[in-house]
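Report on the following structure.
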Amino acid sequence: MPETKSYDVVIVGGGVAGLTAALYAGRARLSAVVLEKMAAGGQAVITELIENYPGIKTVTGHDLSQVMEDQAKSFGAEIVFEEISEIRVENRKKIAIGSEALYEGKAMILATGGEPRKLGIPGETEYRGRGVSYCAVCDGAFFRDKRISVVGGGDSALQESLYLARMVEKLTLVHRRDQFRGSKILQDRVLSNARISIVWNSVVEEVVGNHKLQGLQLTNRQTGAKDFMETDGLFIYVGFEPNSGFLQGLVDTTADGYIITDEKMQTSMPGIYAAGDVRKCPIRQLVTAASDGAVAAVTAEKYIEEQAHFSFQPSAFSSQPKNLL
Ligand code: NAP
């Protein structure tokens, strides 16, 4: 039987939202644990350069993640690398089930972020790690001076194309519409980058190879024309999906799995909060994830205080304690 460890706040997920929640919980003198399955920093740690985090002109995702982790630890947060398979609520305790231990909290903050959405096309899974990637920072160096393709039109596709274009011979960005979704500044940079060419209004139908990726079968959505494009690598950035499956209906989510909260980050389950990319929200940025984490921790602190007060309140039907001043 794994041991049970008790804290004031259990934070599931160690990205920017989770680490900020840990920082605020620590400063509120609450004991907090951050449970992270991979590396502290979440999406930030696999981002090469960040230039829209206020107060810091430019910083690598790795460095920002490291500082955030150190900062949370300096206020007492414990960081444990462990994947959580289930959350249970028993007698008001919120329990995160890991393989090493059970982590029990008076309050819990879910900050589990998301993972890259798959295209779901033939060859995508087969050639993953053999030409298909979802992480430019992790795999970009394998494609130095090669021809690669990126699919997507949001901030991630644009930002990672700019990063990859610096090392590859040629980059083709395939987007399903004739307009990008990503921010205007990234659009301007992509459109003016001589190494990036764009294939508009097109979708990748199949990843084709022979043990190793060889090319992509494309279809133009406007004309219906089919084309085969040779490529050595394919980076897929078509959005992401929230990591909320392990909750198994414990809290209310949207149909596509984003956790629904109020403005105080309260979920449908009292004492359980959600923060960052896993939450239903209109904007997903590092700065909004940090904001969510701070709000969730402050709300959790108030909840813990109220629960303590409630527990110590003499019942209306019991006699008053004699030593009460
Ligand atoms: P996103 O904004 O949802 O964009 C996904 C892109 O993939 C869209 O252009 C979409 O096309 C396309 N797409 C979706 N499904 C597709 C399919 N089956 N086939 C082909 N194309 C498909 O996702 P994201 O770029 O990963 O960004 C996620 C969130 O993080 C966003 O809120 C974003 O602003 C934020 N973010 C911000 C930064 C930054 O500020 N620097 C960096 C990274 C991410 P349509 O446009 O036609 O729908």
**Request:** Show your working on side-chain contact (heavy atoms from CB on, under 4.5 Å) between Ser149 and Met229 and close with a plain yes or no.
**Result:** CA-CA 9 Å; Ser149 311; Met229 184 173 74; 3.2 Å; yes
Side chains of [X] and [Y] in contact at under 4.5 Å (non-hydrogen atoms):
X	Y	result
Glu306	His309	no
Leu213	Asp232	no
Tyr273	Asp292	no
Glu51	Lys57	no
Ile97	Ile87	no
Lys5	Val33	no
Leu162	Asn193	yes
Met68	Val16	yes

**Request:** Show the numbers, then the answer: is there a side-chain contact (heavy atoms from CB on, under 4.5 Å) between Leu64 and Leu286?
**Result:** CA-CA 11 Å; Leu64 182 67; Leu286 296 181; 4.1 Å; yes
**Item:** Heavy-atom neighbours of Ile185 CD1 exceed 12 at 6.0 Å
**Value:**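 12 or below, so no.
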**Request:** Report, as yes or no, whether the 6.0 Å neighbourhood of atom CZ on Arg195 holds more than 12 heavy atoms from other residues, nucleotides or ligands.
**Result:**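 Yes, the 6.0 Å shell around CZ holds more than 12 heavy atoms from other groups.
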**Message:** If the test is side chain to side chain contact (heavy atoms under 4.5 Å, CB included), which one of Thr172, Ile148, Leu173, Leu186 qualifies with Ser161?
**Reply:**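 Option passing the side chain to side chain contact (heavy atoms under 4.5 Å, CB included) with Ser161: Leu173.
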Cut-off 3.5 Å, side chains only: do [X] and [Y] have a donor facing an acceptor?
X	Y	answer
Gln266	Thr261	no
Glu104	Thr4	no
Gln66	Asp70	yes
Asn52	Gln285	yes
Lys280	Thr254	no
Asp139	Ser133	yes
Glu78	Tyr7	yes
Glu48	Thr60	no

So, the side chain of [X] versus the backbone of [Y]: is there a donor-acceptor pair under 3.5 Å, distance only?
X	Y	result
Thr267	Ile272	yes
Asn220	Ala225	no
Thr47	Gln43	yes
Ser244	Tyr258	no
Glu206	Val208	no
Glu36	Glu82	no
Lys170	Val168	no
Arg130	Glu126	yes
Arg284	Arg279	yes
Asp155	Ser183	yes

Is any side-chain N of the basic residue among [X] and [Y] closer than 4.0 Å to the acidic one's carboxylate O?
X	Y	value
Arg147	Glu230	yes
Glu86	Arg88	yes
Glu69	Lys73	yes

**Item:** Sub-6.0 Å ring centroid separation between Phe75 and Tyr24
**Value:**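 No, ring centres 6.0 Å or more apart.
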[X] and [Y]: which non-hydrogen atoms are nearest, and at how many Å?
X	Y	result
Pro2	Ala101	CB-CA, 3.8 Å
Arg177	Arg181	NH2-CB, 3.9 Å
Ile304	Asp8	CD1-O, 3.6 Å
Tyr303	Ala107	CD2-CB, 4.1 Å
Arg117	Ile236	O-CG2, 4.1 Å
Ala275	Ile109	CB-CG2, 4.3 Å

**Distance (rounded to the nearest 0.5 Å) between Thr58 OG1 and Ile50 CD1** =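 The distance works out to 10.0 Å.
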**Asked** What distance separates Cys281 SG from Ile260 CD1, expressed to the nearest 0.5 Å?
**Response**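 Rounded to the nearest 0.5 Å, the SG-CD1 separation comes to 12.0 Å.
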**Request:** Apply the test side-chain contact (heavy atoms from CB on, under 4.5 Å) to residues Tyr103 and Ile84: give CA-CA distance (whole Å), side-chain angles for both, the deciding distance (0.1 Å), then the verdict.
**Result:** CA-CA 9 Å; Tyr103 304 86; Ile84 298 306; 4.2 Å; yes
**Test side-chain contact (heavy atoms from CB on, under 4.5 Å) applied to Val12 and Met108, step by step** = CA-CA 8 Å; Val12 188; Met108 179 173 283; 4.2 Å; yes
**Prompt:** With respect to Phe235, which candidate in Tyr163, Phe143, Phe142 satisfies the ring pair (Phe, Tyr, Trp, His ring centres under 6.0 Å) definition?
**Reply:**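 Answer after filtering Tyr163, Phe143, Phe142: Phe143.
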Same apolar cluster: [X] and [Y], side chain cutoff 4.5 Å:
X	Y	answer
Tyr237	Met167	yes
Val132	Val150	no
Leu35	Val89	yes

**Prompt:** Using the ring of each side chain (for Trp, its six-membered ring), is Trp200 parallel, tilted or perpendicular to Phe180, with breaks at 30° and 60°?
**Reply:**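 If you compare the ring of Trp200 with that of Phe180, the planes turn out tilted.
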